[in-house]
There are 2 protein chains.
Amino acid sequence: MTVKESNSWIRIREELLRRINERVWQPGETIPGEAELAEEFGCARTTVNRALRDLAEAGLVTRRRKAGTRVAVNPPHKATFTIPIIREEVEARGSSYSHSLLKREKRPLPTSLHAAFPVGDEAFLLYTETVYFADDRPFMFEERYTNIDATPAFAEAAFDLISPNEWLVQNAPFTTGDLTCYAANAGPALSGLYECQDNTPLFVMERVTFNQTQPITHVRMTYSPGYRLRTGF
Amino acid sequence: MTVKESNSWIRIREELLRRINERVWQPGETIPGEAELAEEFGCARTTVNRALRDLAEAGLVTRRRKAGTRVAVNPPHKATFTIPIIREEVEARGSSYSHSLLKREKRPLPTSLHAAFPVGDEAFLLYTETVYFADDRPFMFEERYTNIDATPAFAEAAFDLISPNEWLVQNAPFTTGDLTCYAANAGPALSGLYECQDNTPLFVMERVTFNQTQPITHVRMTYSPGYRLRTGF
DNA sequence: GAGTGGTCTAGACCACATT
DNA sequence: ATGTGGTCTAGACCACTCC
């Protein structure tokens, strides 16, 4: 009896989205159940489920068994940004990429990082300091502590061709991580590298990664003056 | 013939993930097809599809019709962070929230923002300047241009109880947006508000939102000294 | 207890990219 | 042309949670 048109879960999602955006269903209101919607759209309940699951992942509706599906009151919008490989980030700007390893030594974790990077005091941590260049100009300065117990081969790698950043991405899978961004002044340590004033504001990103519960690496990346982190959503 | 255990797509995803992480399947390698895996796990192909789709969304495998499913060479890790409502962000820190509207006037868009926020020259833009407080101390300073043509009711709202931020979240649905983060000095304009030196580095976030192609609002948020943006992934 | 979403199945057809 | 993933169906059972 239904029209022979191709039904797609995306089409259904868009229609549901329209009703939400146009306030056909008010924020906080419970919308019809999957079965009812399936009948309205003349499709299987599975298909409606697919559409609603998608909207739920986007945070536009909240779903609970028995309670039903409600339109979110203030949709918590999420921005997803891809953590780039530095080489790809530089090349995407049309610049030529290179890097240079400045330091590589066994070094204990500073107490200031102890909370963020929970390794035992006896852990073997390799500290590396790397400058990444775009067109032979310093682009980013990286200070990294890597847990050799978690990824032994890292200690053997020569970082002339492949950077610590890229080596870890390819060889040390991780399951979770944390990311922190803030602003800091260049200070005496970096004003020389970037040929700027001590009080030049710089964008800093710190990252910790774990494989299950095992800490892999902690890295602080201080970008050159004027750097902007961009993402769509 | 199959064991009577509850089969779940999550279980299958974890097993596939294990094989990827432990290099049972090498990066770049094509893994068995859905049908073959379904037979191995003794489940329907749909269930394997669900697991693989999830891994593909996470960027760990790439899938193409006919070509099959391959393990990603360098998994592009994605960090998802939730764009918070300022009030919720402040209250989540255990502080008491308040805000204060400093300015509210019709104002043309500065030419510097013309590229990021494409509205016509004749558009009615309302400029608002708001300070957000945590425990009566300035927490964030917001400069916002809002396209009244897109959301007329914004011009009528009194922002004493509800802030521009929250008003828009609840009343102006949007489909896409852009986000930019960078570091800037406080300068003369903000050193007074935050009671800091002119050269104090501050964390700045700029956001543009659109409904379809219609620009809604452009906002620059300059956070107080020491602010850190955090997210897990 | 009962109603809702979450998941699974077996089968089918289709879209697409590779060959 | 062919093989692979993408989607859809109709039905079923289960898990959770509200009442």
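Reckoned from all heavy atoms, side chains included, excluding hydrogens, waters and symmetry mates. Within every chain, numbering begins at 1; the chains are lettered A, B, ... in the order of the sequence lines, protein sequences first and strands thereafter.
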Phosphate OP1/OP2 of D/dC8 contacted by A/Arg50 side-chain N/O (<4.0 Å): no

Presence of B/Thr69 side-chain N/O under 4.0 Å of D/dT4 phosphate oxygens OP1/OP2: no

Taking [atom1] from [X] and [atom2] from [N], how many angstroms apart are they, rounded to a whole number?
X       : N     : atom1 : atom2 : answer
B/Trp9  : C/dT9 : CH2   : C1'   : 17 Å
B/Ile12 : C/dT9 : CD1   : C1'   : 12 Å
A/Arg63 : C/dG3 : CZ    : P     : 18 Å
B/Leu52 : D/dG6 : CG    : P     : 8 Å
A/Arg70 : C/dG3 : CZ    : P     : 18 Å
A/Phe41 : D/dT9 : CZ    : P     : 12 Å
B/Leu37 : D/dG5 : CG    : P     : 8 Å
B/Asp54 : C/dC8 : CG    : C1'   : 16 Å

A/Asn49 or A/Gly68, whichever maps to the more 5' nucleotide of DNA chain C: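 Nearer the 5' end of the strand: A/Gly68.
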
Residues that [X] engages under side chain to side chain contact (heavy atoms under 4.5 Å, CB included), provided they are two or more places apart:
X       : answer
B/Arg70 : B/Thr30, B/Thr62
B/Thr82 : A/Pro76, A/Lys78
A/Asn21 : A/Leu17, B/Pro173
A/Val73 : none

Residue pairs passing the salt bridge (charged side-chain N to carboxylate O under 4.0 Å, His left out) test where at least one lies in residues 209-223 of chain B, sequence neighbours excluded: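 Counting only pairs at least two positions apart or across chains, the salt bridge (charged side-chain N to carboxylate O under 4.0 Å, His left out) contacts touching residues 209-223 of chain B are B/Glu143-B/Arg220, B/Glu206-B/Arg220.
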
Sequence neighbours excluded, every pair satisfying salt bridge (charged side-chain N to carboxylate O under 4.0 Å, His left out) that has a member inside residues 160-172 of chain A: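 Listed by first then second residue: A/Arg87-A/Glu166.
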
Base-contact (B) and sugar-phosphate-only (S) positions in nucleotides 11-19 of chain C, heavy-atom cut-off under 4.0 Å, - elsewhere: BB--BBBB-

Residue pairs fulfilling ring-ring contact (aromatic ring centres under 6.0 Å, His included) with at least one residue in residues 50-71 of chain A, sequence neighbours excluded: none

Geometric class of the B/Phe203/B/Tyr223 ring pair [parallel <30°, tilted 30-60°, perpendicular >60°]: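 It falls in the tilted class, 30° to 60°.
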
From C/dC8, C/dG6, D/dT9, nucleotide with atom closest to B/Ser8 side chain: C/dC8

Of residues 26-36 of chain B, the positions that come close to DNA chain D - non-hydrogen atoms, cut-off under 4.0 Å: B/Gly33, B/Glu34

Check: A/Phe159 ring centroid to A/Phe154 ring centroid under 6.0 Å: yes

